[in-house]
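All values below were derived from every heavy atom in this structure, side-chain atoms included, with hydrogens, water molecules and symmetry-related copies excluded. All figures in this text were calculated on a predicted structure; none of them were measured in a lab. Position 1 is the first residue of the sequence, and the numbers go up from there.
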Amino acid sequence: MLRTLLLFLLCLLLPVPQGALAAASGKTPVQAETSLPLNRTTFHFFSPEDIAANYKASKIIRVGYFDQHGVFEGEGEHLSGYAVALLTAISRYTGWEYKWVKIRFDELAQRLDDGTIDLSCGISFTPERSRLYSFSKLRAGYENTCLHVSSMSDIYYMDLDAFNGMRIGFFNDSQQYVVMTRFAAQNGFSFTPVFFEESYEMAQALAEGRIDGYVDGVLRGNGTKVVATISTDPFFFVTRKDDMEVMAPLNEAMLQILLNHPSYLARLYDSYLNISSDVPVVFTRSECRWLATKPAIRVAYSREQDMMDPEFGGNFLYAFLKMLERQSGIRFEFLPQPSYDACLKALADGTADIMPDVYPQLSFLRSQNIFSGRPFYNAPITVVGRLHDKNIPGQSCTVGFTREMRSVMLAYQSAYPEDIPKIFPNIDACRKAFEKGEVDVYLWPYPAASLQDDPPKDGLLSPPGPCIPWHWASRPMPRPS
């Protein structure tokens with residue numbers, strides 16, 4: 001019953017960078033929430049000498065940008081957005097300065113090919129595009145395919161009958177048009193596409209009634225509400241075909257950002273592409289009927305769960321639920337439990353309705369007689385290891401977990417079944433076992449947890465690859481009708 005609400009508020013629980021980022025024309029923006037300290041893990045690819053040399057021999061990179069809500073917005077001295085902030089962070093490693101070049105999306109391939117720009121961002125991968133330009137190895141971020149309508153509209157969330165016959169705006173050559181066309185065919189409705197070059201033109205057409213809605217890549221809108229979130233897909237940096245002079249250092253800088261700051265891209269997403277607290281939350285018809293009953297949901301949480309206890313810790317899950325209360329009308333009753341296992345028992349006994357942080361492994365859910373909803377956050381799994389240690393994740397190493405990381409352990413084991421888990425009562429015990437050599441690596445605390453201090457001496461933070469999709473678990477309950 002919470003599926004729509006939780007999907008809408010994806011990633012909202014992450015820390016928000018302070019302030020907006022403005023880029024001076026032809027220069028790297030001076031002020032940004034991109035302060036990435038160059039710690040010990042930095043020098044795996046970029047030595048201090050290399051970084052100093054990069055700044056002394058600064059290279060001007062011409063970045064092609066086009067109006068792309070949240071990714072590139074404004075122009076000249078007022079240019080800002082997700083990609084501008086990320087490129088500023090990348091320049092900390094490469095020493096690059098930027099010249100920002102306004103282009104149209106339909107001329108991207110030509111401008112890369114003729115050398116008038118070196119780089120762009122916010123591009124979805126397709127086989128056809130991969131023949132025209134090179135894509136970065138790592139994704140630069142994610143965008144949603146969202147259907148926006150006027151905030152005054154009476155359309156419900158996923159109201160497929162109401163979608164039929166709509167005039168829907170799209171960006172020219174947008175991959176989201178392909179996604180929406182497929183979605184419409186699968187769900188038995190049709191629409192009339194109307195194409196635009198700039199986002200402000202599309203927003204103005206909606207305000208003037210020339211279109212009934214538009215599809216955009218962000219959940220935030222001006223005077224709009226989102227009535228369908230169809231997909232979430234990665235976007236990338238692109239360069240001219242096989243231009244390794246630009247792509248190679250960009251790929252390495254992106255890797256270093258992820259190694260040193262696993263949650264950095266999520267924080268940028270939250271700041272530029274995610275919804276803010278005053279955006280209307282839209283429900284399905286059945287959810288609206290259920291909310292009219294003024295329901296109360298009992299939430300079991302472990303006192304050892306650093307992100308949930310309202311009395312200490314990072315508690316952003318608690319803050320997340322309080323925000324849901326304000327926006328939805330649902331009332332939550334918080335039931336502290338002594339452990340993660342006690343939360344599972346509370347669900348099974350019927351003394352609680354939901355609990356956070358459950359990995360949706362089918363055998364696990366069946367063994368506990370519980371259900372899981374849609375993921376509300378993909379948390380990066382980060383381990384602490386040692387520099388130059390041959391025992392690394394995926395090669396039969398011994399991995400330390402706390403009892404509270406049971407779901408994280410299930411997610412890790414699904415990716416690395418050959419590794420050997422060892423369970424400890426708390427993070428301090430994990431750390432001591434690592435320092436004594438009893439485990440090869442151990443799981444770093446959750447993102448935004450207060451326990452996230454500096455890694456131990458000679459420790460190395462590393463995202464081994466997989467993420468854990470966090471779900472809410474519930475006991476069997478009747479669905480809204």
Side-chain angles (χ1 to χ4, degrees), residues 4 8 20 22 65-84 102-108 122 124 143-185 187-233 235 272-285 288 327:
T4 302
F8 256 16
Y65 72 93
F66 45 91
D67 185 44
Q68 193 175 9
H69 194 186
V71 179
F72 289 110
E73 293 191 90
E75 55 185 287
E77 294 182 357
H78 302 289
L79 182 64
S80 65
Y82 179 100
V84 179
K102 183 73 177 289
I103 65 172
R104 298 192 316 270
F105 178 76
D106 60 6
E107 64 181 8
L108 172 62
S124 302
E143 67 176 356
N144 300 287
T145 298
C146 304
L147 176 58
H148 290 252
V149 299
S150 168
S151 58
M152 304 303 293
S153 170
D154 59 0
I155 296 178
Y156 292 93
Y157 187 76
M158 296 302 287
D159 193 350
L160 299 176
D161 290 339
F163 297 167
N164 192 42
M166 285 181 64
R167 299 163 297 169
I168 300 178
F170 298 89
F171 290 114
N172 284 330
D173 299 313
S174 169
Q175 182 66 16
Q176 292 159 344
Y177 170 66
V178 177
V179 173
M180 189 67 182
T181 300
R182 187 184 308 122
F183 177 75
N187 289 279
F189 69 89
S190 62
F191 62 88
T192 301
V194 183
F195 295 97
F196 297 87
E197 189 66 42
E198 304 279 354
S199 62
Y200 76 88
E201 296 175 344
M202 197 156 60
Q204 185 176 2
L206 177 62
E208 295 174 354
R210 290 184 281 120
I211 57 176
D212 304 306
Y214 65 81
V215 170
D216 200 352
V218 298
L219 297 170
R220 180 180 292 139
N222 183 16
T224 68
K225 62 182 182 181
V226 173
V227 293
T229 306
I230 299 163
S231 70
T232 300
D233 303 291
F235 61 79
Y272 292 102
L273 304 178
N274 197 16
I275 65 173
S276 58
S277 59
D278 59 348
V279 172
V281 177
V282 187
F283 299 97
T284 65
R285 291 178 185 272
C288 287
Q327 293 201 2

May I ask you to decide if [Y]'s main-chain N or O and [X]'s side chain share a donor-acceptor pair within less than 3.5 Å?
X: Arg167; Y: Gly209; result: yes
X: Asn164; Y: Ser190; result: yes
X: Ser153; Y: Ile155; result: yes

Rounded distance (nearest 0.5 Å) linking atom [atom1] of [X] with atom [atom2] of [Y]:
X: Glu201; Y: Glu197; atom1: CD; atom2: CD; value: 7.5 Å
X: Ser174; Y: Phe195; atom1: OG; atom2: CZ; value: 8.0 Å
X: Gln176; Y: Asp216; atom1: CD; atom2: CG; value: 6.5 Å
X: Glu73; Y: His78; atom1: CD; atom2: NE2; value: 13.5 Å
X: Ile168; Y: Leu206; atom1: CD1; atom2: CG; value: 11.0 Å
X: His148; Y: Ile211; atom1: NE2; atom2: CD1; value: 11.0 Å

(request) Take the angle between the ring planes of Phe72 and Tyr65 and call it parallel below 30°, perpendicular above 60°, tilted in between. (result) tilted
(message) In terms of relative ring orientation, are Phe191 and Phe170 parallel, tilted or perpendicular, with 30° and 60° separating the classes?
(response)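 Geometry flag for Phe170 against Phe191: tilted rings.
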Tell me, do [X] and [Y] make a side-chain contact under 4.5 Å, heavy atoms counted?
X: Met166; Y: Val149; answer: yes
X: Ile230; Y: Met180; answer: yes
X: Leu160; Y: Phe183; answer: yes
X: Val215; Y: Thr145; answer: yes

Least distance between heavy atoms, [X] atom then [Y] atom:
X: Gly122; Y: Val71; answer: CA-CG1, 4.2 Å
X: Leu79; Y: Gly74; answer: CD1-O, 3.4 Å
X: Tyr177; Y: Pro193; answer: CE1-CB, 3.7 Å
X: Gly169; Y: Phe196; answer: CA-CE1, 3.9 Å
X: Phe235; Y: Ser124; answer: CB-N, 4.3 Å

(request) For Asn222, look at atom CG and say whether over 12 heavy atoms of other residues, nucleotides or ligands are found less than 6.0 Å away. (result)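 No, the 6.0 Å shell around CG holds no more than 12 heavy atoms from other groups.
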(request) Evaluate side-chain contact (heavy atoms from CB on, under 4.5 Å) for Glu143 paired with Thr232, printing each intermediate quantity in order. (result) CA-CA 6 Å; Glu143 67 176 356; Thr232 300; over 6 Å; no
(request) For this output row, return yes or no: ring centroids of Phe105 and Phe66 closer than 6.0 angstrom. (result) yes
(message) Quick check: Tyr156 with Phe163 (ring centres under 6.0 Å apart)?
(response)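 Aromatic pair excluded; centres sit 6.0 Å or further apart.
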(request) Start with the C-alpha distance between Thr224 and Ser151, add both sets of side-chain angles, then the distance that settles side-chain contact (heavy atoms from CB on, under 4.5 Å), and finish with yes or no. (result) CA-CA 4 Å; Thr224 68; Ser151 58; 5.7 Å; no
(request) Report yes or no: do Asn144 and Thr229 form a side-chain donor-acceptor pair below 3.5 Å? (result)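 Short answer, no.
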(message) The criterion is ring-ring contact (aromatic ring centres under 6.0 Å, His included); which residues satisfy it with Phe171, sequence neighbours excluded?
(response) none
(request) Would you please name every residue forming a side-chain hydrogen bond (donor to acceptor under 3.5 Å, both in side chains) with Asp106, sequence neighbours left out? (result)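 side-chain hydrogen bond (donor to acceptor under 3.5 Å, both in side chains) list for Asp106, sorted by chain: Arg104.
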